[in-house]
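Quantities reported herein were computed from a predicted structural model and do not represent experimental measurements.
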Amino acid sequence: MTRPPAAPRPRLVVLDFDGTLADSFPWFCSVLNGVADRYRFRRVEAHEVEGLRLLGARAIVAHLGIPRWKLPLIARHMHRLAARDAGQIALFPGVPAMLAAVAEAGVPLAILSSNRADTVRRVLGPDNADRIGTYACGASVFGKARRLRTLLARTGVAPDRALCIGDEIRDLEAARALGCPFGAVAWGYTDSGALAALGPEHLFSEPAEIARLVAGEADHMPRLAPGTTLVPLPLPNGS
Ligand SMILES: O=C(O)COP(=O)(O)O
């Protein structure tokens with residue numbers, strides 16, 4: 001049996017932050033119900049968490065009964081709390097080595113996050129932060145596609161050579177909207193089976209796999225079926 005040809009090496013790796021590089025889900029759960037009380041949306045009981053990890057952000061927002069107009073206020077408050085608590089949030093094991101290996105392979109790194117750039121840099125620490133060429137931070141919850149479009153335009157990288165990596169369905173949707181390949185990580189906020197069901201080009205089970213793929217050593221990664229083409233989706237309104 002012949003193997004599918006290895007994908008061309010990416011010219012840019014675009015990383016999500018929370019749930020992809022930063023292990024912030026325990027912190028997120030610890031502050032969520034306080035934010036729910038303050039902004040009057042549904043509290044989340046411990047037994048609901050696994051079910052919510054199967055859903056995309058739109059479905060979670062609907063489940064919590066959050067009206068669209070409140071979302072930017074809630075996100076801004078959450079990001080203030082994250083800035084306050086940045087010292088409690090750690091990177092996933094293997095992330096610093098992955099960033100170093102990708103940088104060593106000569107492939108530029110960008111971060112595309114809804115979180116604030118100052119918080120992202122603090123959690124990364126100075127050595128890791130210096131490896132990131134571009135910070136596209138502060139995207140609205142559903143505004144990542146627009147940020148990604150700007151990032152691609154600024155860097156001049158063709159969408160099919162920009163490998164986007166994230167842990168949420170909205171990360172995958174942003175990549176698809178621009179026609180970028182997407183690698184889902186199995187260690188983040190969204191359940192890995194729910195991400196796999198959407199047919200990401202790659203599914204990573206540990207950060208070292210990202211480095212191996214980018215360095216061109218891994219043509220065994222799960223891929224879309226041969227013949228599947230990436231069709232850019234229209235950008236959702238307001239994103
Ligand atoms: O802080 C958030 O709202 C989520 O951040 P992310 O975009 O890095 O996942």
Side-chain angles (χ1 to χ4, degrees), residues 4-21 56-58 98-99 101-103 105-115 117 120 131-186 188 190 194-204 207 209-239:
R9 220 177 188 211
R11 291 191 51 226
L12 178 68
V13 173
V14 182
L15 296 157
D16 166 61
F17 187 67
D18 286 283
T20 298
L21 302 182
R58 277 189 185 76
M98 177 273 286
L99 296 175
V102 173
V107 180
L109 288 156
I111 289 183
L112 173 61
S113 174
S114 297
N115 213 332
V120 169
R131 298 192 199 286
I132 308 300
T134 310
Y135 287 84
C137 294
S140 64
V141 174
F142 298 114
K144 284 196 164 185
R146 194 162 65 179
R147 275 306 180 88
L148 180 57
R149 184 163 51 192
T150 307
L151 176 65
L152 295 178
R154 288 227 179 104
T155 55
V157 173
D160 63 348
R161 302 295 296 278
L163 173 62
C164 295
I165 297 174
D167 70 312
E168 286 187 68
I169 291 169
R170 68 192 173 101
D171 298 323
L172 178 145
E173 286 172 346
R176 287 276 159 87
L178 274 296
C180 300
F182 182 74
V185 307
T190 304
L195 287 165
L198 296 171
E201 282 64 43
H202 307 282
L203 188 56
F204 300 113
E209 289 182 354
I210 297 172
R212 286 201 290 275
L213 179 76
V214 172
E217 295 164 18
D219 54 4
H220 62 276
M221 295 289 174
R223 290 246 168 86
L224 284 183
T228 309
T229 48
L230 282 178
V231 181
L233 302 176
L235 295 180
N237 283 342
S239 68

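Looking at heavy atoms from C-beta onward, L213 lies out of side-chain contact with I210 at the 4.5 angstrom threshold. Using a 4.5 Å cut-off on side-chain heavy atoms (C-beta onward), I132 and L99 make contact. Using a 4.5 Å heavy-atom threshold, the side chains of C180 and L152 count as touching.
The nearest pair of heavy atoms linking R11 to V107 is C-CG1, 4.0 Å. Considering every non-hydrogen atom in both P200 and L172, the closest pair reads CB-CD1, 4.2 Å. When all heavy atoms of E168 and A57 are compared, the pair lying nearest together is OE1-CB, 4.4 Å. What you find for A215 and R9 is that their closest heavy atoms are CA-NH2, 4.0 Å. Here the closest non-hydrogen pair linking A174 and A145 is CB-N, 3.6 Å. Contact between L148 and C164 at its shortest, heavy atoms only, is CD2-SG, 3.8 Å.
Put simply, the side chain of T190 gets close to the backbone of D167: a donor and an acceptor are under 3.5 Å apart. Here the side chain of S114 pairs a donor or acceptor atom with the backbone of A139 at under 3.5 angstrom. When atom types are taken as modelled, the side chain of E201 and the backbone of G183 share no donor-acceptor pair closer than 3.5 angstrom. Checking side-chain atoms of R147 against main-chain N and O of C137 turns up a donor-acceptor pair under 3.5 Å.
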For L21 and M98, what are the C-alpha separation, side-chain angles and deciding distance, and is it a side chain to side chain contact (heavy atoms under 4.5 Å, CB included)?
CA-CA 10 Å; L21 302 182; M98 177 273 286; 3.8 Å; yes
Run E173 and F142 through side chain to side chain contact (heavy atoms under 4.5 Å, CB included) and show every step you take.
CA-CA 9 Å; E173 286 172 346; F142 298 114; 5.6 Å; no
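Annotation: the span from T134 atom OG1 to L109 atom CG amounts to 9.5 Å, rounded to 0.5 Å. How far CG of D16 is from CZ of F182: 7.5 Å, rounded to the nearest 0.5 Å. Remark: D18 CG to N115 CG distance equals 4.5 Å, nearest 0.5 Å.
None of L112, D171, L15 except one satisfies the side chain to side chain contact (heavy atoms under 4.5 Å, CB included) rule with I165; the exception is L15.
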